[in-house]
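Please read these numbers as outputs of a predicted model, since none were measured by experiment. Every chain is numbered from 1 and lettered A, B, ... according to where its sequence line falls, protein lines coming before strand lines.
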2 protein chains.
Amino acid sequence: MNKASLNQYFHSLFPIEKEVVEKITESFSYFELEKNKVLIDVNTVSTQTFFLERGYMRSFILNEDGEQVTTNIYTAPCFVNDFLSFFKQQPSKESYQTITECSFWETSLENVQFNFHNIPDFREFSRLLFVVNYHKLNDRLIAMSSQKAETRYMNLLKLQPHIFQNVSLKIIASYLGITDSSLSRIRREIGKI
Amino acid sequence: MNKASLNQYFHSLFPIEKEVVEKITESFSYFELEKNKVLIDVNTVSTQTFFLERGYMRSFILNEDGEQVTTNIYTAPCFVNDFLSFFKQQPSKESYQTITECSFWETSLENVQFNFHNIPDFREFSRLLFVVNYHKLNDRLIAMSSQKAETRYMNLLKLQPHIFQNVSLKIIASYLGITDSSLSRIRREIGKI
DNA sequence: CTGATTTCTTGTCATTTGTCAAGTAATTAT
DNA sequence: ATAATTACTTGACAAATGACAAGAAATCAG
């Protein structure tokens with residue numbers, strides 16, 4: 001329950017002084033959630049931002065047929081928030097829930113705003129977070145529009161094998177943009193080779 | 001060739017004083033490109049950021065088979081840059097080219113950095129740009145993984161009909177994640193109804 | 001431990017989309 | 001104006017994926 005991993009995360013993203021990081025993370029407070037608990041509920045305005053220290057999470061929306069579509073899977077350590085809801089103070093269109101037991105560090109928009117306007121390195125860090133997340137999303141979009149499901153599955157398996165130990169195939173299938181029976185068939189075919 | 005539309009764009013995104021906008025856009029300079037010209041080339045480090053004042057652009061990558069996959073279509077007025085290349089000063093993985101004749105306002109990373117760290121409203125504006133662009137990308141990803149091609153086509157036609165007057169169906173098809181023959185068939189089917 | 005629930009797999013068949021090849025229409029370059 | 005190129009459409013067939021239903025395996029709640 002110390003801030004070592006939170007502080008470390010700042011250093012991992014770009015060079016920043018120890019004292020500056022400590023000033024930034026001063027306002028963060030710790031909490032835990034069991035598995036399958038809601039972190040950010042759909043239609044609520046998000047006032048906190050979260051650092052996922054330990055565990056697995058996902059975001060999802062409900063489509064026209066009322067089915068859950070997993071939009072993202074979050075693997076600690078990383079920041080989790082709904083950008084649109086948090087920064088524009090609008091109701092979230094997605095829900096965010098824990099998949100495993102998770103631990104978090106959270107802080108408020110007020111603190112983020114203070115740091116953003118008063119600590120230059122935090123500004124750079126924030127922007128870098130956006131750039132990195134935008135880039136990840138872009139890569140997924142390219143994969144979704146130019147690769148077949150089997151390729152997307154193979155890449156996920158290669159790049160994030162630990163996800164398969166912690167997240168159900170149903171959620172993974174939805175994240176890959178296919179049904180769980182299709183994923184099951186793909187896994188069988190791969191196994192044959 | 002005055003900065004009216006550039007300045008106006010800042011005001012349209014969030015409340016900001018006229019004088020502040022003028023200070024921000026002071027360093028921007030104007031240029032034009034004919035159709036089918038490269039704005040940002042793949043594998044180059046982007047040192048400028050661009051405001052697309054007039055015209056249509058696209059970004060694309062080459063897939064394993066050497067085919068162009070359109071990753072985004074840009075409709076003026078909007079900012080165009082490769083976030084990863086510009087802010088991390090890395091070689092761009094995508095190419096950006098004009099589709100029609102275009103006019104631009106550009107400024108350098110140095111100017112952006114100066115404004116980012118010295119003009120609070122510019123920080124807010126920058127972050128909002130990221131939030132909005134992230135959100136658009138996220139919506140496209142959700143559409144790609146949960147809607148069929150016909151639905152994606154119908155939505156594009158409804159929300160951005162002008163694109164169909166200015167961008168070839170081949171590019172639109174690629175942007176929608178399908179082949180041009182599939183798009184052609186979808187259009188025929190729609191026509192029947 | 002036991003029944004209930006959820007996850008995962010599998011089979012059959014339908015639908016969507018891709019591939020390839022050919023043809024027509026439109027645009028561009030000289 | 002003419003030839004070359006590019007854009008768009010179409011058809012036949014193949015491949016990928018979805019829908020639905022059923023059963024096996026794993027997990028969960030009491």
**OP:** Would you indicate whether the side-chain heavy atoms of A/Phe50 and A/Tyr96 approach each other to under 4.5 Å?
**Re:** no
Subject >> Whole angstrom value for the distance that separates C1' of D/dA19 from CG of A/Asp65 >> reply: 12 Å
Original post:
What is the distance, rounded to the nearest whole Å, between atom CD of B/Glu34 and atom P of C/dT27?
Top reply: 19 Å
Subject >> Distance, rounded to the nearest Å, where B/Asp180 contributes CG and D/dT10 contributes C1' >> reply: 12 Å
**OP:** For A/Lys35 and for A/Ile186, find the nucleotide of DNA chain D with the closest heavy atom, then tell me which residue's nucleotide is more 5'.
**Re:** A/Ile186
Original post:
If you take atom types as modelled and just measure distance, does the side chain of B/Arg185 reach the base of C/dT15 with a donor-acceptor pair under 3.5 Å?
Top reply: no
Subject >> Short N-O contact, A/Arg185 and A/Glu189, less than 4.0 angstrom >> reply: no
**OP:** Kindly say if B/Arg152 contacts the phosphate of C/dT16, meaning a side-chain N or O under 4.0 Å from OP1 or OP2.
**Re:** no
Subject >> From CG (A/Leu157) to CD (A/Glu150), nearest 0.5 Å >> reply: 11.5 Å
**OP:** In whole angstrom, give the distance that lies between atom CD of A/Glu101 and atom C1' of D/dT27.
**Re:** 17 Å
Original post:
Think A/Arg58 forms a cation-pi with A/Tyr175, using NZ or CZ under 6.0 Å from the six-ring centre and within 45 degrees of its axis?
Top reply: no
**OP:** Would you please indicate yes or no on a ring centroid separation below 6.0 angstrom for B/Phe28 and B/Phe51?
**Re:** no
Subject >> Identified side chain to side chain contact (heavy atoms under 4.5 Å, CB included) counterpart of B/Met57 within the set B/Leu39, B/Val167, B/Leu33 >> reply: B/Leu39
Subject >> Length of the OH-C1' vector between B/Tyr153 and D/dT9, whole Å >> reply: 13 Å
Original post:
Counting only N and O atoms by type, is there a donor-acceptor contact under 3.5 Å from the side chain of B/Ser92 to the main-chain atoms of B/Ser85?
Top reply: no
**OP:** Report yes if at least one side-chain N or O of A/Ser182 is closer than 4.0 Å to OP1 or OP2 of D/dT17; otherwise report no.
**Re:** no
**OP:** May I have the distance from B/Gln68 (atom CD) to D/dA7 (atom P), rounded to whole angstrom?
**Re:** 10 Å
**OP:** Nearest whole angstrom, please: distance from the P of D/dC8 to the CZ of B/Arg187.
**Re:** 8 Å
Subject >> Interatomic distance where CG belongs to B/Leu183 and P belongs to D/dC8 [whole Å] >> reply: 9 Å
**OP:** Could you list by number each residue of residues 164-179 of chain B showing a heavy-atom separation from DNA chain D of less than 4.0 Å, or answer none if no residue does?
**Re:** B/Ser168, B/Leu169, B/Lys170
